Structures are given as structure tokens and as C-alpha cells.
Amino acid sequence: MAETPEKLTKPYEPANTESRIYKLWEDSGFFNPDSLPERHKEPFTIIMPPPNANGRLHAGHGLTIALEDIMTRYQRMQGKKALWVPGADHAGFETQVVYEKKLEKEGRSRFKMDRKELYDEIMAFTLESKKHMEADVKALGASCDWSREKFTLDPSVVAEVQETFRKMYRDNLVYRGYRTVNWCTKHQTSLSDVETENVEKADKLYYIKYGPFVVATVRPETIFGDVAVAVNPTDERYKKFIGQTIEVQHPEGKLSLIVISDEEVDPEFGTGALKITPSHDNNDFRMSETHKLPRVEVIDQFGKLNEKTGKYAGMKILEARIKVVEDLQVLELIEKIEDYTHAVPTCYKCGTTIEPRVMPQWFVKMAPLAKLAADAVRDEKIKFIPDNFEKIFLYWMDNTMDWNISRQIVWGIQIPALICAHCNAGALDTDHREGDSCPTCGKPLTTETDTFDTWFSSGQWPLLALGYPEKADLGFYPTDVMETGRDLIFKWIPRMVIFGLYLVKEVPFRTVYLHGMVNDKHGKKMSKSKGNVVSPIDLTDKYGADALRIGLVIGNTPGNDLALVEDKIKGYKHFCNKIWNATRFVLTNIGDMTLDTPRPALTKRDEEILTELGKAITSITLHYENFRFHLAGEELYHYFWNTFADVIIEEMKPRLASADPVSKKSAQWLLLNILATNIKMLHPFMPFITEEIWGILPRESKSLLLVEPWPKPF
RNA sequence: GGGCGAUUAGCUCAGAUGGUUAGAGCGUUACAUUGACAUUGUAAAGGUCGGAGGUUCGAUUCCCCCAUCGCCCACCA
């Protein structure tokens, strides 16, 4: 028998309820699909985007958890064998950056620590942060299966990520290349293209007298590394110079440079003559390959000019630029200087201008893999919500460049390979050992110390989270939905599709649901430096997880950004209270009626009310099915408040007080059953308060609302 | 230089396949209320649905153009 209505405190206090209810669910074992009752057969799977284990959850995570939990709980009630796999991401570079800031504050530096010491410290920090992160996920009510939780540095995960690398190496899809990479001079690592951010920058365009030419450049300090001058083959002005060697003067002497012609030179830009510095410009490097030009490195890994620049050696790039320009002016080699605004790639974490640097690194050959992914999407194996992201995805897949997966940081999964410092070749750790002769040049091989780009492991996450290659859980693959922020359309989604297709020849998920960014109340991006960060946990403490969840989801359409207004969350706390009080009213007015009481004779008006409820159930269910959670939530809200509370309850009051037992009994039955139906349909949005209420509704069974069947029209 | 999204009530936003007086929350105004709930109820004010054209019997909704804001992508030095 249910507990007495006296248990209904006034008003509803989430703080007293939520942790107790969460424990009830965990103890039930129903988060684990294998423990669900018999009726749950067909799998429904979501892999949680593993939050970074380097801090607390932010507002965006709140929306992620809310949406994914809504889907999972809805499908579980619909009788699916629902699995939501939680995880934690070591978040390679990101965490290393967080930790380096911490070291800086303590007056320490990673560059003064040995690799193992640094790794162990970051591991301790990460494992500690992971606990907080997990507590936050629980506080938001996530009904995920903690028994299956995976960490991206679990030994089994590490081993499998490395195995994928070996497989790709053997399949000729990963190779050791020597070419320009994005180098961050602060963090001392290369970065992939998606880890750089192009920033508009006001610079100067210097026109330098350059033998018989004038060349325009924003980087005069690289002149010492120039190896050629390039012109367009059709440029009448310069045709006669092509193939000749010219003499170029600079402050430290003279250069003898060959004049080459290349289609890529735009005759319209600058003077139509381009100085070629292969070691410090991506485009120039490519020309050096096609034209077999030498390469002269003049800037080192710290962004300082090296010994090849004479008196400028040791100067930082910007310092050297000023000095070189001054000296060129003295030599009367500067023709003019123009203001120039252009986009410059910067490190997305520290904003340092990226220094293109030619280095040996590991690359993934993208073209054949991207084609697999694009074909799968064109064949409609994957559906995007909202659908315009399909176009963005395809554009991206049709224009890929090879992916640099080497990072010069310790925090991550080590690349299982050996490298040759002499000829830049690479070999698998399964084929060679430290000290073996390089298969290419015969010199001794050394063990690779670089780690993987974190997206190399995250990209395999849907499989790894299900324990691949072990078969036990692969029945949950392909998963049903991948729900994540729209900013991950480039960074993460394509890589998961690619690895899924490559490793098991099946897409990792059938539907991609992308939510927008959660911004502050003015619609501005949240950032620590702006001080406008709103913590979902603070809001949960203040208004309850239920209010936060429904407040985040209602009014937010997929793909569109959301302005997080605290008053809105507050409004849904009021809604919680409304639900609570309506429940108190019903329970104190139904006598000994229970949910097991058979349906009594109803009046015509009662039938009308039930018909209307049936329509609401149908409509709300359809919204759930079609990922229109904002509409499902809104309709639930309005039905409960404006129809059930304002109209139906008010209408029943006289009947509850009436002496006519038939009229009274039907009113009681109606109220109790409409309430229960609403509680069920609200559960995915507001799991705590609804489970609490379900626990005190009078009925024989002691079952949890968590696994209650989804209601059907009466 | 490309691409995408937005532009609807004071504020934050909904309006799925075009169709009766365009909606919500918050805010505002008036009134009510000791019996589920002031975290309330009833009612009201408030919008030429960014601008110009087109398709249609009919467009906030579909098409074209323009404007403003925002986001993303981009190796023209």
C-alpha cells in the first residue's frame, strides 16, 4: 500500500528528493538493459558523448544530459531495451592545457618535468576530476548504465585504439609524412586543422625590392629562408624571367634564387611575384615539392629566428620582423607598406599564431575514408536533425585533407610505432624494436613518444564504449541516436562515421541530433574570461534538476542556440510546485480509490475529457517519436496546467463534495487516472518529481515509474 | 571569398506537411482569493510575423531579391 498523503510536504523541495530517488533507480538495476523486465526486447542505444574529465559540467552538458535522458527514458517506457552508455574523456590536449595552467600558477612548467612524472600527475588530476564530473551527471538525473562506463584511457580502450592504428598502417591508410603542420609555439605541439581557429588580424603588407621583382609579403623576417620566386606562367610581365637565377639582397647578404612558374600564383594579388619560403608556409612547401626546391628552416620550434639569420638569431618573430623591415628600409629595399587585414590561423586554446612548420608526423589518409562516410550519408544510412547539417557534413567530407594525428604531448595514448630520426621513416611496434635498423635507411630506430590526437580515440568511441572488439555488447551497434552539440559536426561526427565504417563496415548511429550552443541570457557565448558562465549544478541546487531539464528543452529547437535565462528555469520550478499541489489535492480527495480500481460508469462530459486526454497523448507521443521534444514538453506543460489543473480539477470540485456517490466516484477515478497518465508522460522530462509522486499514488504494485509502460489513449 | 542560421508581443522564444480572431513563458495592468497551490486564480493591454516582389482562392509558413545580426568554413602571399 502506498504511503499516506501526509508524506506530501508543502511545498515541493527537490533537494530532499533527488538524491534519494536516484539511489532508488540505481538500486533497481534498470539502468542496465540486461536487468530490465521481460517486455523490454528491442534495443535502443545512445552513447553519451564522454564529458572531459578535467572539470565540472557546463551548461551545454546540461542540455546534452537532458535530451539524451529524455530519449532514453521515453524509449525504456515504450518497452525498448534501453542502453545509455556513460563515459569520460581524457581529452588529451584540452586536459594538458588545463593542467599546464595549473602548473603555471604553481610556478612550475611541464618542460622541466620528465614524461612519466607529468603523465602520472595529470592522471591523478583527471581521475579526481572524473569523480566530480560523474557526480554532476548523476545530479542531473541521467539514467545511464554506470556498470558499462568507459574511460578513454582504460587499458582495453588504449590497446584497441593502438590496434586500429596498426590496422590502418597495414592498410596503407596511415603513414609517416614530412610536411607542414600547424605548430603552436606556446604548447610545443602540432595541431590538426580543426584545432586551429582563423582570426581576422590587421597586419602590414610589405612590398620588398627583390632582384628584378618587387614581392609582397606579410612576413619579411622569413626572407632568409627564401629559395625561389614564383610567378604565374601566363604573366606577360614576368615570362622572360622564368627559369633564370636572380640575385636578391637582404640585410645579411645575398640570395641566388631560381624563378619558377606556378598556376597557383595569382597575378592579381600584390605584384604577381611571390617569394617562396618552403619551411614556413604551407603553400610554399607544396611548391617546393612540385618544383624540387631546397628547404631552409630559419625559425625554430619556439618561434625564434635561428643561426641561419645572422644577427637576428634568437629574436622572436615579431621582434625580428620590425628589425628586418628597419634594415631593409636602410638599404632602400622597401618599396611601400600597406595595411592588410587577413585571417590568421591561431591555436584554439591560447590564441598564439600558428607557425607552419615542416616536420615528420603521422597522418591519416582521408580521401578514401571520407568517401565511405559521404556515401553512407548519401545512401541515407544516417539522418541528421536538423537536416541542413547533412549538407555541411557532405561538404566537409568532399573536401578533406590528410589528418595529422601526432601530438607532442604526454597526455594521451602513445602511438605504437618506431621512428627513424635520420630519414623520417616510421614502423609499427609489432614489426620492430628500439634499436632495430630502419627499413629505409638502416640507421637505428627509436620509440615514438608522440601521442594520438584525442579525436583519433574519440572517433572510435561508439565501438569502444560497447567493448569492441568483444562481441558481448555489439548487438547494441549500430546505435540509434548520437546527440551532441552542433560544434562537433566537424570535430567528432565525421570521425565516428569513418571509423565505424572502416572497422565494422556499419555506420555508428542512425540519427544524429545536434543541439545548439547554450549561451548566456544575452545570447553571448559563455566564457570564463567574460565571467558569464552559468553552472548547471548551481541551477540544479537552486531550482531542482527537473526544472532545469524541462527549462533547457522547452523553447529550444534542434541546431539553434539557446539563451539561458534563469527566470525561465525558475518558472519551471513553479511548474514542479503546481504538479506537486495538484497531486496533493487529488490524493486527499479520492478516498480509498486506487489505480487498480476498475473504471466506473462515466458521464458524457467525462467521456469528452477522456477523449481530449487521448488526443493529447497521441500528439505528445508523436512529438517524442519525431524528436520534437520542445513541443512535447510545451504540450505537457499546458495540458497539465491549463487543462487538468485549471479546468478539470475545478470542474470536479463540486462533484467531489457531492452526496451522489456515483458522480463522486467517477470524478475521483477521472482525477486519479488523468494525474497518473500525466505523471508518466512527464517522467522523461522531470524524472525526480514524477518518480516521487508515482511512489505515493495508491496502487497495488510497487513498480518504479522508470519502467512503467507508456500510456495509451483511454 | 564561400556556406549556414536568425529577423514573430517590452524580454527569451514556439509556430511539423501553407488555411478560421498569430501563440507560450517572463514582464506589465486591473480585479479576486483563509479550504491543492501567492511558486495562485480570472481578465486585459501589447504584434502591418525585417523590407520589396512572386506562386496560390489563401503565405508567418513556399520561391527570388535586398537589409541587419550572428555563426561556421577558407593555404591568395
Side-chain angles (χ1 to χ4, degrees), chain A residues 5 8 10-12 180 182 193-194 196-198 203 205-208 215-220 222 229-230 232 264-277 280-287 340 342-345 354 356 386 388-389 391-392 395-396 399 401 486-487 489-490 516-517 519-525 543 547 551 554-557 559-589 619 622-623 626-628 630-631 633-635 637-638 641-642 645-646 649-650 653 656-657 671 675:
Chain A
L8 289 160
K10 174 187 167 181
Y12 174 67
T180 330
N182 303 305
D193 297 310
V194 290
T196 67
E197 198 174 332
N198 290 314
D203 262 319
L205 190 58
Y206 303 93
Y207 286 76
I208 300 174
V215 294
T217 179
V218 290
R219 303 198 60 186
T222 62
V229 57
N232 190 288
E264 285 190 41
V265 180
D266 178 0
E268 304 293 318
F269 189 91
T271 61
L274 175 62
K275 77 184 197 66
I276 302 298
T277 324
H280 301 287
D281 184 278
N282 187 21
N283 201 34
D284 293 3
F285 177 82
R286 288 218 315 241
M287 279 196 215
Y340 183 59
H342 61 155
V344 180
I354 291 294
N388 59 300
F389 279 97
K391 251 165 70 180
I392 298 172
Y395 176 83
W396 190 253
N399 295 279
M401 289 193 291
R486 61 137 226 264
D487 54 328
I489 181 71
F490 300 126
M517 303 292 97
N519 295 323
D520 76 0
K521 62 181 169 186
H522 304 294
K524 300 285 175 211
K525 192 175 173 177
Y543 304 108
I554 289 184
N556 177 229
T557 44
N560 285 319
D561 292 354
L562 165 74
L564 181 51
V565 182
E566 192 169 328
D567 274 349
K568 187 173 163 193
I569 310 301
K570 191 174 157 194
Y572 289 107
K573 187 182 181 190
H574 296 178
F575 182 46
C576 290
N577 194 55
K578 190 76 186 178
I579 295 171
W580 192 247
N581 280 302
T583 303
R584 290 175 61 207
F585 176 80
V586 171
L587 291 190
T588 48
N589 283 284
S619 164
L622 204 60
H623 287 320
N626 291 303
F627 299 93
R628 295 191 294 258
H630 61 296
L631 294 179
E634 196 168 298
E635 196 167 340
Y637 178 91
H638 285 112
W641 201 311
N642 304 120
D646 290 347
I649 288 184
E650 291 307 319
K653 277 180 182 174
L656 292 170
L671 287 180
L675 174 67

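Proteins come first, then strands; the chains are lettered A, B, ... in the order of their sequence lines, and each starts at number 1. Predicted model only: the values in this text are computed from it and were never measured.
The distance from atom CZ of A:Phe389 to atom C1' of B:G3 is 12 Å, rounded to the nearest whole Å. If you measure from atom CG of A:Leu622 to atom P of B:U17, you get 13 Å, rounded to the nearest angstrom. The separation between A:Ile554 atom CD1 and B:G23 atom C1' is 14 Å, rounded to whole Å. The distance between atom CZ of A:Arg286 and atom P of B:C75, rounded to the nearest whole Å, is 9 Å. Between the NE2 atom of A:His630 and the C1' atom of B:A14 there is a distance of 6 Å, given to the nearest Å. Rounded to whole Å, the distance from CG on A:Asn198 to C1' on B:G1 is 13 Å. The distance between atom CZ of A:Arg628 and atom P of B:A24, rounded to the nearest whole Å, is 20 Å. In this structure, CG of A:Asn283 is placed 15 Å from P of B:A74, rounded to the nearest angstrom.
Counting any heavy atom pair closer than 4.0 Å across all strands shown, A:His638 reaches sugar-phosphate atoms only and no base atom. Using a 4.0 Å heavy-atom distance criterion, A:Asp646 is classed as a sugar-phosphate-only contact. Across all strands shown, A:Lys570 has no heavy atoms under 4.0 Å from either base or sugar-phosphate atoms. Contacts of A:Asn388 with the nucleic acid, taken as non-hydrogen atoms under 4.0 Å apart, involve only primed sugar atoms and P, OP1 or OP2. Nucleic acid contact for A:Glu268: none, since no nucleic acid atom lies under 4.0 Å from a heavy atom of the residue. As judged by a 4.0 angstrom heavy-atom cut-off over every strand, A:Lys653 is placed among the base-contacting residues. Residue contacts for A:Thr277: at a heavy-atom cut-off of 4.0 Å it reaches no nucleic acid atom on any strand shown. Backbone-only engagement by A:Asn560 is indicated by non-hydrogen atom pairs under 4.0 Å involving sugar-phosphate atoms exclusively. Contact annotation for A:Gly571: no contact, since no heavy-atom pair falls under 4.0 Å across all strands. No contact: A:Phe575 has no heavy atom under 4.0 Å from any strand. Within the 4.0 angstrom heavy-atom criterion, base atoms lie near A:Ala645. Looking at heavy-atom distances under 4.0 Å, A:Leu564 makes no contact with the nucleic acid at all. Nucleic acid contact for A:Ala216: base, since at least one base atom lies under 4.0 Å from a heavy atom of the residue. Counting any heavy atom pair closer than 4.0 Å across all strands shown, A:Arg486 reaches sugar-phosphate atoms only and no base atom.
In this structure, A:Lys578 does not reach the B:G25 phosphate: none of its side-chain N or O atoms is under 4.0 Å from OP1 or OP2. Phosphate proximity of B:U40 to A:His574: present, with a side-chain N or O under 4.0 Å from OP1 or OP2. Phosphate proximity of B:C4 to A:Lys391: present, with a side-chain N or O under 4.0 Å from OP1 or OP2.
Base pairing of B:C76: no nucleotide in any strand meets the Watson-Crick or G-U wobble criterion (both distances under 3.5 Å). Nucleotide B:U17 is matched to nothing when pairs are restricted to Watson-Crick or G-U wobble geometry with both distances under 3.5 angstrom. B:C69 is paired with B:G5 under the Watson-Crick or G-U wobble criterion, all donor-acceptor distances under 3.5 Å. In a base pair of the Watson-Crick type (N1 to N3 plus N6-O4 or O6-N4) or a G-U wobble (N1-O2 and O6-N3), with each distance short of 3.5 Å, B:G58 is matched with no nucleotide. Base pairing of B:U48 is not made with any nucleotide, judged by Watson-Crick or G-U wobble geometry with both donor-acceptor distances under 3.5 Å. B:U34 is unpaired under the criterion used here, namely a Watson-Crick or G-U wobble arrangement in which both key atom distances are under 3.5 Å. Across all strands shown, B:G27 forms no Watson-Crick or G-U wobble pair with both key distances under 3.5 Å.
With C1' as the reference atom, B:G27 and B:A45 are 13 Å apart, rounded to whole Å.
Candidate nucleotides B:A77, B:A14, B:C37 were compared by shortest atom distance to the side chain of A:Glu634, and B:A14 ranks first. Residue A:Leu631 has its side chain nearest to B:G15 when only B:G15, B:C37, B:C75 are considered.
Judged by distance alone with a 3.5 Å cut-off, no donor-acceptor contact links the side chain of A:Glu635 to the base of B:A14. Under 3.5 Å, the side chain of A:Lys568 and the base of B:C26 form no donor-acceptor pair of N or O atoms.
At a threshold of 4.5 Å between non-hydrogen side-chain atoms, the residues A:Lys653 and A:Ile649 count as touching.
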### Message
Determine whether A:Arg219 and A:Thr277 satisfy the following criterion, side chain to side chain contact (heavy atoms under 4.5 Å, CB included), listing intermediate values before the conclusion.
### Response
CA-CA 10 Å; A:Arg219 303 198 60 186; A:Thr277 324; over 6 Å; no
### Task
Could you give me the CA-CA distance, side-chain angles and deciding distance for A:Lys525 and A:Asn519, then say whether side chain to side chain contact (heavy atoms under 4.5 Å, CB included) is met?
CA-CA 5 Å; A:Lys525 192 175 173 177; A:Asn519 295 323; 4.2 Å; yes
### Task
Given side chain to side chain contact (heavy atoms under 4.5 Å, CB included), test A:Lys570 with A:His574 step by step and report yes or no.
CA-CA 7 Å; A:Lys570 191 174 157 194; A:His574 296 178; 4.1 Å; yes
### Task
Applying side chain to side chain contact (heavy atoms under 4.5 Å, CB included), run through A:Leu205 and A:His342 and close with a yes or a no.
CA-CA 10 Å; A:Leu205 190 58; A:His342 61 155; over 6 Å; no
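Ring pair A:Tyr572/A:Phe575 is perpendicular by interplanar angle, where above 60° counts as perpendicular and below 30° as parallel.
A salt bridge links A:Arg486 with A:Asp561: at least one charged nitrogen is closer than 4.0 Å to a carboxylate oxygen.
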